[in-house]
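Reading through the structure tokens given below for one structure.
To find a chain, count down the sequence lines: A is the first, B the second, and so on, and within it residues start at 1.
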There are 2 protein chains.
Amino acid sequence: MADEIPDIVIGRLPIYLRALYNMVEEEDKVTTSSHELGERLGISSAQIRKDLSHFGEFGKQGTGYHVDFLISQLEQILNLEQVWRVALVGAGFLGHALAHYHRFQRHSFHIGWMFDSDPDKVGQVMNGVVVQPDEEMEATIAEAGVRIAILAVPAAAAQSVTDRLVAAGVKAILNYAPISLSVPPDVQVQYSDPVVQLQRMTYYLRPE
Amino acid sequence: MADEIPDIVIGRLPIYLRALYNMVEEEDKVTTSSHELGERLGISSAQIRKDLSHFGEFGKQGTGYHVDFLISQLEQILNLEQVWRVALVGAGFLGHALAHYHRFQRHSFHIGWMFDSDPDKVGQVMNGVVVQPDEEMEATIAEAGVRIAILAVPAAAAQSVTDRLVAAGVKAILNYAPISLSVPPDVQVQYSDPVVQLQRMTYYLRPE
DNA sequence: TAGATTGTTAATCGATTAACAATC
DNA sequence: TAGATTGTTAATCGATTAACAATC
């Protein structure tokens, strides 16, 4: 039960969580079932039950899952019972948008540090956070014990910034730069590249 | 050979393409191998060769792949030999950042239409594109033959905007709203939710 | 030629699904 | 009780990898 859980399973848990939040907040739902949840997400009910069974027994035969309880269990599993300190590197248009994204605060993430190498950006305040000079990045992050970083810098800078972040103790990176990063095995990386995502879809579209 | 190709394979092609662009543009590389490409991407060379073999024989024994040639083949496969018209719905911070993202233009995507329901946003010009009123969305998109949309609206609006986009002829949606969308089977959807991505990583982090 | 690397096959590995006893 | 739904098992399905003949 506490064996090695496939990463693909871990990847679905936040999706379940998001749907459960919606059920509670938008629809005042008290209970749900693997069938209902699966229908919303386009996932089979068997898969949802299988995924959850890696971590324990959270439902009741005949009635399904208590939404609040399942939320709290998933939050526990995903280590969301604390507020994670997050550094945002890059204060361009995207960094600016991310700095103002209110869902981070609502979901256990506190973006409390911003960095940029452009002197024009340094000193600007974005959603209450002062943009600090790039050179102060390692010291500030190590000092504050920041372990998660969001990368919103150009591709050319991404790997060297990554190396410095990792050296300063960062263990998880959400990378918006269009480049594959090289990191030690104990550092997590997630990628977000809109061009890659669009290109994946055009394959299926009829060309003009 | 022209059989049904697994979507997971399609999903890797843009990643290969991105690395190949980098080899040509940043390193003036003329040829590469499945081994070299795999090493950069953290993917086995066998998998890269297998993926490519779905579409043809692009390499030469002993020497590997001609980078320019492989790029052009992948562009062809992914239907990137045309410029795709893209509509951007939502002119908030994120919409603003996406409107200014220069990589779309460089990679076969032209963001030529923006929409927002907020009268304060309507009429603003973002990177040369005038934000149009939400009500004009269907007619404008259908008229222009736009088939790809990027969704940067609040979760509460996302499904209804999606329904309208689909009715207007959109066949691919890149969704930044934190909600699972329901679409007909011939409509592609890709998701981008930073909170989901961060939550996937915190599972692996030691809590404080 | 010798070395390198492809494309492909077969084996392995892993993930999903169908089915159902258990039980609320 | 009857109906619903869980957790789990076994079967199925699909993806990855190892290995190698072919050949540049």
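Between the CG atom of Leu37(A) and the P atom of dG7(D) there is a distance of 13 Å, rounded to whole Å. Between Glu4(B) atom CD and dG14(D) atom C1' the separation is 13 Å, expressed in whole Å. Atom P of nucleotide dG7(D) and atom NZ of Lys50(A) are separated by 13 Å, given to the nearest angstrom. Straight-line distance from the CD1 atom of Ile5(A) to the C1' atom of dG14(C): 15 Å, rounded to whole Å. Atom-to-atom, CD1 of Ile8(B) to P of dC13(C) comes out at 19 Å; the value is rounded to the nearest Å. Look at CG on Leu70(A): it is 10 Å from P on dT6(D), rounded to the nearest Å. Rounded to a whole Å, the CZ atom of Phe58(B) is 11 Å from the P atom of dT8(C). Put simply, CD on Glu57(A) is 10 Å from C1' on dT8(D), counting in whole angstrom units.
For the residue pair Arg164(B) and Ser160(B), no side-chain donor N or O sits within less than 3.5 Å of a side-chain acceptor on the partner.
Put simply, the side chain of Asn175(A) never gets that close to the backbone of Tyr191(A): no donor and acceptor are under 3.5 Å apart.
For an aromatic pair to be called close, the ring centres must be under 6.0 Å apart, and Tyr21(A) with His107(A) satisfies this.
Counting any heavy atom pair closer than 4.0 Å across all strands shown, Ser45(A) reaches no nucleic acid atom.
Using a cut-off of 4.0 Å between Lys/Arg side-chain N and Asp/Glu carboxylate O, Glu26(B) and Arg18(B) are scored as not salt-bridged. Between Arg85(B) and Glu208(A), at least one side-chain nitrogen of the basic residue sits less than 4.0 Å from a carboxylate oxygen of the acidic one, meeting the salt-bridge criterion.
If you check dT17(C) for Watson-Crick or wobble pairing at under 3.5 angstrom, you find it paired to dA10(D).
Contact annotation: Ser44(A) side-chain N/O to dT16(C) OP1/OP2 distance is not under 4.0 Å. OP1 or OP2 of dG7(D) sits under 4.0 Å from a side-chain N or O of Tyr65(A).
Atom-to-atom distance recorded for Tyr176(A):OH and Ser192(A):OG is 4.5 Å, nearest 0.5 angstrom. Interatomic distance, His110(A) NE2 to Gln82(A) CD, rounded to the nearest 0.5 Å: 13.0 Å.
Place Leu52(B) and Pro6(A) on DNA chain C by their nearest nucleotides, and Leu52(B) ends up nearer the 5' end.
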Heavy-atom protein contacts under 4.0 Å, nucleotides 19-24 of chain C, coded B base, S sugar-phosphate only, - none: B--BBB
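In the set dT6(D), dT8(C), dT16(D), dT16(D) carries the atom at the smallest distance from any side-chain atom of Arg12(B).
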